2 protein chains.
Amino acid sequence: MKEGPNIAGIAALIGDPARANMLQALMTGVALTASELAQEAGVTPQTSSFHLSRLAEAGLVSLRKQGRHKYYSLADSDVAALLEAMSGIAMRTGMTRVRTGPKEPALRKARVCYNHLAGEYGVQAYDSLLARDFLVEDGEQLHLTGDGRSFLTELGVVLPEKETKRRPLCKSCLDWSARRSHLAGIAGTSLLSFFLDQGWAKRVEGSRIIEFSRDGDSRFHAIFSL
Amino acid sequence: MKEGPNIAGIAALIGDPARANMLQALMTGVALTASELAQEAGVTPQTSSFHLSRLAEAGLVSLRKQGRHKYYSLADSDVAALLEAMSGIAMRTGMTRVRTGPKEPALRKARVCYNHLAGEYGVQAYDSLLARDFLVEDGEQLHLTGDGRSFLTELGVVLPEKETKRRPLCKSCLDWSARRSHLAGIAGTSLLSFFLDQGWAKRVEGSRIIEFSRDGDSRFHAIFSL
DNA sequence: GTGATAGTTCGATCACGATCGAAACAACAC
DNA sequence: GTGTTGTTTCGATCGTGATCGAACTATCAC
């Protein structure tokens with residue numbers, strides 16, 4: 001009966017406690033999987049899936065499929081701004097929640113992700129390559145520039161002559177801990193092999209943890225500074 | 001299980017169609033009685049009373065008792081900004097009301113947002129003031145410069161001597177249609193009053209639409225050119 | 001005082017939507 | 001291939017909350 005956009009629709013979406021928890025978890029700017037969001041919201045995966053499909057349908061969250069995972073994140077800064085404004089209103093009425101505990105810090109630092117480097121080190125390497133235009137993002141695609149290829153090969157990283165569609169040279173991979181992109185694809189694999197071959201780092205038995213030696217650590221940071 | 005304010009609470013409040021209708025009706029800036037709001041929302045007075053008490057309890061609306069009437073209005077500009085932001089999100093998902101009539105273009109052009117001017121005209125005034133350094137953005141804050149104050153007062157806009165922290169002279173408010181900022185705060189209110197008092201524009205009854213006369217339109221564009 | 005209008009409280013109803021169990025589907029590991 | 005894990009679909013349940021009828025209070029007009 002009224003003019004104007006349907007405020008009630010999206011407000012009702014955010015109004016459900018489970019969905020609100022999910023959105024607040026995504027307010028950190030990191031991408032989370034459906035199961036993680038289920039745990040954050042305190043509901044079963046089925047319920048989580050149901051809610052996430054609704055949120056995505058309404059354009060509040062965007063999703064990125066990666067293997068059997070689905071990484072969800074806030075759609076854009078407008079949604080974040082809306083949630084922020086709502087937090088402000090909620091604050092002054094005196095409604096707050098409780099807090100949860102952290103997890104293992106060892107895995108967050110450096111670990112293997114399938115066959116490439118993940119964790120803080122992985123993210124830093126990725127950012128460093130991007131900052132120096134050795135790596136360029138092209139929408140969903142990721143490309144190694146000519147300078148980037150020379151840089152890596154001169155360093156000692158072995159790269160194939162040409163890349164195929166089936167196994168791309170570079171892929172971005174969302175990080176489990178940092179929730180930022182890091183380098184996957186053949187180049188990612190080669191880079192990790194390089195670190196291990198040089199003795200800069202070694203894998204911890206029966207774990208995904210990768211331990212950098214003191215020497216390897218300083219060499220890494222010298223090369224992949226920001 | 002999470003930290004942070006309980007956004008689900010207020011979102012759920014706005015999420016009910018009846019309450020959302022009431023709040024949108026109050027976006028016109030005028031105070032409405034409980035029965036009028038009941039009619040706006042399309043519910044019985046009992047239901048309206050129930051909803052209004054909840055909205056008041058949450059601090060979304062304020063009320064002024066006058067005789068046997070109770071006049072409700074939006075609590076403050078923060079609530080208005082929240083509703084405006086939500087309209088913006090709802091717009092882009094195509095979640096418009098069933099009855100999205102011919103009023104919409106008029107709303108985009110010029111409308112009242114709580115107590116100040118929004119729409120294309122509001123955005124243009126804002127931009128024009130910014131371009132001439134009459135208005136300066138300082139992070140989240142917004143300030144009227146000395147030149148800006150003289151400009152407005154010489155024009156005939158009435159401004160208070162000093163501004164308080166509680167009721168800032170200038171605030172920016174995000175526009176749902178233009179997705180740009182426009183001027184809120186006391187200065188925004190005074191500016192709108194000026195337009196109405198001068199007869200440059202008038203309010204359309206029972207709507208948020210503001211109609212500029214031909215003369216008022218040319219005067220406006222002469223002053224707030226870019 | 002009586003009557004009329006504005007608003008509220010109570011109680012009961014009723015529908016919508018959140019939730020989970022079970023099972024299917026998808027991607028990986030081996 | 002088999003087994004495991006992440007995600008989704010279906011179906012059914014169940015609780016919460018919106019809604020209105022009826023009765024009640026408050027203010028005004030006379």
Side-chain angles (χ1 to χ4, degrees), chain A residues 1 6-23 31-58 60-73 112-116 118 166-167 171 173-174 176 179 184 189 206-208, chain B residues 1 6-23 31-58 60-73:
Chain A
M1 329 294 175
N6 183 8
I7 284 184
I10 39 140
L13 278 177
I14 309 176
D16 178 70
R19 285 192 288 257
N21 282 334
M22 292 176 176
L23 291 173
L32 295 171
T33 67
S35 347
E36 287 168 330
L37 285 169
Q39 192 166 4
E40 289 285 345
V43 294
T44 57
Q46 308 96 290
T47 308
S48 165
S49 175
F50 165 72
H51 287 315
L52 286 170
S53 64
R54 297 215 143 212
L55 289 174
E57 184 186 8
L60 292 181
V61 302
S62 61
L63 65 99
R64 182 169 157 191
K65 216 172 156 184
Q66 189 160 302
R68 52 181 164 179
H69 295 277
K70 272 192 177 175
Y71 284 92
Y72 287 88
S73 49
V112 60
C113 176
Y114 297 121
N115 48 17
H116 55 267
R166 221 180 58 82
R167 185 79 208 280
K171 274 181 65 177
C173 179
L174 270 176
W176 169 82
R179 302 306 173 192
T189 306
S207 159
R208 294 174 57 187
Chain B
M1 321 305 169
N6 181 12
I7 64 174
I10 39 136
L13 280 177
I14 309 175
D16 178 70
R19 286 192 289 257
N21 282 335
M22 293 177 176
L23 291 172
L32 295 172
T33 68
S35 348
E36 286 170 330
L37 286 169
Q39 190 166 4
E40 287 285 342
V43 294
T44 58
Q46 309 96 290
T47 309
S48 165
S49 175
F50 165 71
H51 287 315
L52 286 170
S53 63
R54 297 213 139 213
L55 289 174
E57 183 186 8
L60 292 181
V61 302
S62 61
L63 67 102
R64 198 176 78 234
K65 217 173 157 182
Q66 197 166 79
R68 53 180 164 179
H69 294 279
K70 271 192 179 176
Y71 285 93
Y72 288 88
S73 50

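Worth saying up front: this structure is predicted, and the values here are computed from it rather than measured. Proteins come first, then strands; the chains are lettered A, B, ... in the order of their sequence lines, and each starts at number 1.
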message = Rounded to whole Å, please give me the gap between CZ in B:Arg19 and C1' in D:dG17.
response = 9 Å

note = Whole-Å distance, B:Leu63 CG to C:dA6 P, equals 18 Å

Return all side-chain donor-acceptor pairs below 3.5 angstrom for residues 8-18 of chain B, not counting sequence neighbours, or 'none' if the list is empty.
{"unit_1": "B:Asp16", "atom_1": "OD2", "unit_2": "B:Ala18", "atom_2": "N", "d": "3.2"}
{"unit_1": "B:Asp16", "atom_1": "OD2", "unit_2": "B:Arg19", "atom_2": "N", "d": "3.3"}

inquiry  = Checking B:Thr33 now: which residues fulfil side chain to side chain donor-acceptor pair (under 3.5 Å) with it, not counting sequence neighbours?
reply    = B:Glu36

ask   = With B:Leu52, which residues qualify under side-chain contact (heavy atoms from CB on, under 4.5 Å), at least two apart?
value = B:Met22, B:Ala34, B:Leu37, B:Ser48, B:Leu55, B:Tyr72

query = Is the NZ or CZ atom of A:Arg64 positioned over A:Tyr71's six-membered ring, under 6.0 angstrom from the centre and within 45° of the axis?
reply = no

message = Just to be sure I understand the rule, does B:Tyr71 reach a base, reach only the sugar-phosphate, or reach nothing, if contact means heavy atoms closer than 4.0 Å?
response = nothing

query = Nearest-Å distance, CD1 (A:Ile14) to P (C:dA18)?
reply = 13 Å

Please list, pair by pair, any protein nitrogen or oxygen found under 3.5 Å from a nitrogen or oxygen in nucleotides 26-30 of chain D.
{"unit_1": "D:dT27", "atom_1": "O2", "unit_2": "B:Arg68", "atom_2": "NH1", "d": "3.3"}

key: B:Val43, nearest nucleotide to its side chain (from C:dT19, D:dG6, D:dC20)   = D:dC20

note = Applying side chain to side chain donor-acceptor pair (under 3.5 Å) to A:Gln46 and not counting sequence neighbours gives A:Thr44

message = How many whole angstroms separate atom NZ of A:Lys70 from atom P of C:dC28?
response = 14 Å

query = For the pair made of CZ in B:Arg64 and C1' in C:dA6, what is the distance, rounded to whole Å?
reply = 16 Å

inquiry  = Below 4.0 angstrom, which residues in residues 44-55 of chain A have at least one non-hydrogen atom near DNA chain D?
reply    = A:Pro45, A:Gln46, A:Ser49

note = CG (B:Asn21) and CG (A:Asn6) are apart, to the nearest 0.5 Å, by 8.5 Å

task = Could you pull out all residues at least two apart from B:Ser73 that satisfy side-chain contact (heavy atoms from CB on, under 4.5 Å)?
result = B:Ala31, B:Ser62

